[in-house]
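Worksheet: the structure to be examined is printed underneath.
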Amino acid sequence: MDWMAWTWPTAIFFIVIASILVTFTILAIKFPEAPRVGILRIETTRGDRLFITLLGSAFINLAWLGVVGANQPFALVVCLVYAAAVFRWV
Amino acid sequence: MKNDNSMAWMLVLPALILLCIVGVVPLLAVFNYSFFDIFTLQDRFWVGLEWYGDLVGTPELYHALGRSVLFTCVILAVQFPLGIAIALLLPQQTYTSSFFLIVLAVPLVVPWNMIPIIWLNLINPDYGLIGYGIKAIGWDFDYKFNALHTWILIVLMDTWHWVGLVAILAYSGLSSIPQAYLQAAAIDSASKWQVFRFIQLPKIKGVLMMGLLLRVMDSLMIYTEAFTINAGGPEGATSFLSLELGEEIGGFDYGPAAARSVLYFLLVLVVAWIFQLSLRRQNEKEA
């Protein structure tokens, strides 16, 4: 696996993403949920909202890098607030 | 009775494994490389988020993004009306229609690196057919140093290459419209515009959406044609996202190129998601 240049930070990042995906898959099987329409006026399931959260978080981190600088823990706090908002209102 | 459908998962497994090998694994590797100053795997130095910071902190990225979006908008505005018009003019379900479809498909099978060479020869004022025409009308066409002329040439070339795809897709959609609709319109004395607006256009919307997705993705990754014409010039006026990436790969700057690739991947995800939403909405409307 050396050709993929793995490091602990990137490995932990992907382990967290994979764990979230597995958790949401199990949740979707165990507790199926009907889609709902939120403020975006689109039907979303838990999986859709997770996708919107992850994609949005990536852009929040990039914007943080460009505007504030490489201080990602604070960007992560913004991402958590964003995630809560997406799961509540989207 | 137990509904056992696990066999379906087994049948999907080879495709999933293949997708992992050609899609997920290279993506993970590129993501990892984006955190290194890397030339070879042995000579790599951890730089963290430095490349991402450099990338989003420079105006060149946004300029290239703007040029790419503008190019996509221009070619969609040109190729879709033109492709639909060609499809409407084609005779329906006759032997001649097959001939015209083959003619339309020819540019689609020309290797991409040959297309700019064909066009550079065509516009050559000494021996190119279009070049002779341009000289005859007295137009001082200078694609090397005039940005507007370079854009005109690239849009013309891309239209020649891809309008056939739009026309073929639109033609396939038009061919599938049941004759009863058109007969009913004829009985109601509907004009040609009304037939197009209320029968043909809604019926070909599905195939046009597929064409739109293909054209948006292809136009965002235009490289070979634009690079051969003027290498992003004059003064970066045709330096699209993919050309900037190509420049970094060509300069062996693999770390910044990997960071740029990850960013482009995120942008493509957004575009694909918007398309998926519109397709879903369209299906819901039809259902």
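In what follows, every heavy atom counts, from backbone to side chain, and hydrogens, waters and symmetry copies are set aside. Letters A, B, ... mirror the listed sequences (proteins, then strands); counts begin at 1.
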Under 4.5 Å to a heavy atom of chain B? For A/Gln72 that would be side chain
Under 4.5 Å to a heavy atom of chain B? For A/Leu55 that would be side chain
Heavy-atom distances under 4.5 Å only: say whether [X] touches chain A with side chain, backbone, both or neither.
{"X": "B/Phe36", "result": "side chain"}
{"X": "B/Leu277", "result": "side chain"}
{"X": "B/Val30", "result": "neither"}
{"X": "B/Val25", "result": "both"}

With chain B, the option among A/Gly66, A/Ala5, A/Gly69 that has the most non-hydrogen atom pairs under 4.5 Å is A/Ala5
Output yes when a side-chain donor or acceptor of B/Arg280 lies under 3.5 Å from a complementary backbone atom of A/Ile42, and no otherwise.
-> no
Interatomic spacing from [atom1] in [X] to [atom2] in [Y] - rounded to 0.5 Å:
{"X": "B/Leu267", "Y": "A/Phe59", "atom1": "CG", "atom2": "CZ", "result": "4.5 Å"}
{"X": "B/Phe31", "Y": "A/Trp6", "atom1": "CZ", "atom2": "CH2", "result": "9.0 Å"}
{"X": "B/Trp273", "Y": "A/Asp48", "atom1": "CH2", "atom2": "CG", "result": "8.5 Å"}

**Asked** Does A/Thr7 reach the side chain of B/Phe35, with side-chain heavy atoms less than 4.5 Å apart?
**Response** no
- [ ] Using a 4.5 Å cut-off on heavy atoms from C-beta on, say whether the side chain of A/Asn61 contacts that of B/Leu49.
- [x] no
Scored by heavy-atom pairs under 4.5 Å with chain A, the best of B/Pro26, B/Ala29, B/Gly57, B/Gly48 is B/Ala29
Take atom CZ of B/Arg197 as the centre, draw a 6.0 Å sphere, and report whether it contains more than 12 heavy atoms from other residues, nucleotides or ligands. no
Atom CH2 of A/Trp8: over 12 foreign heavy atoms under 6.0 Å: no
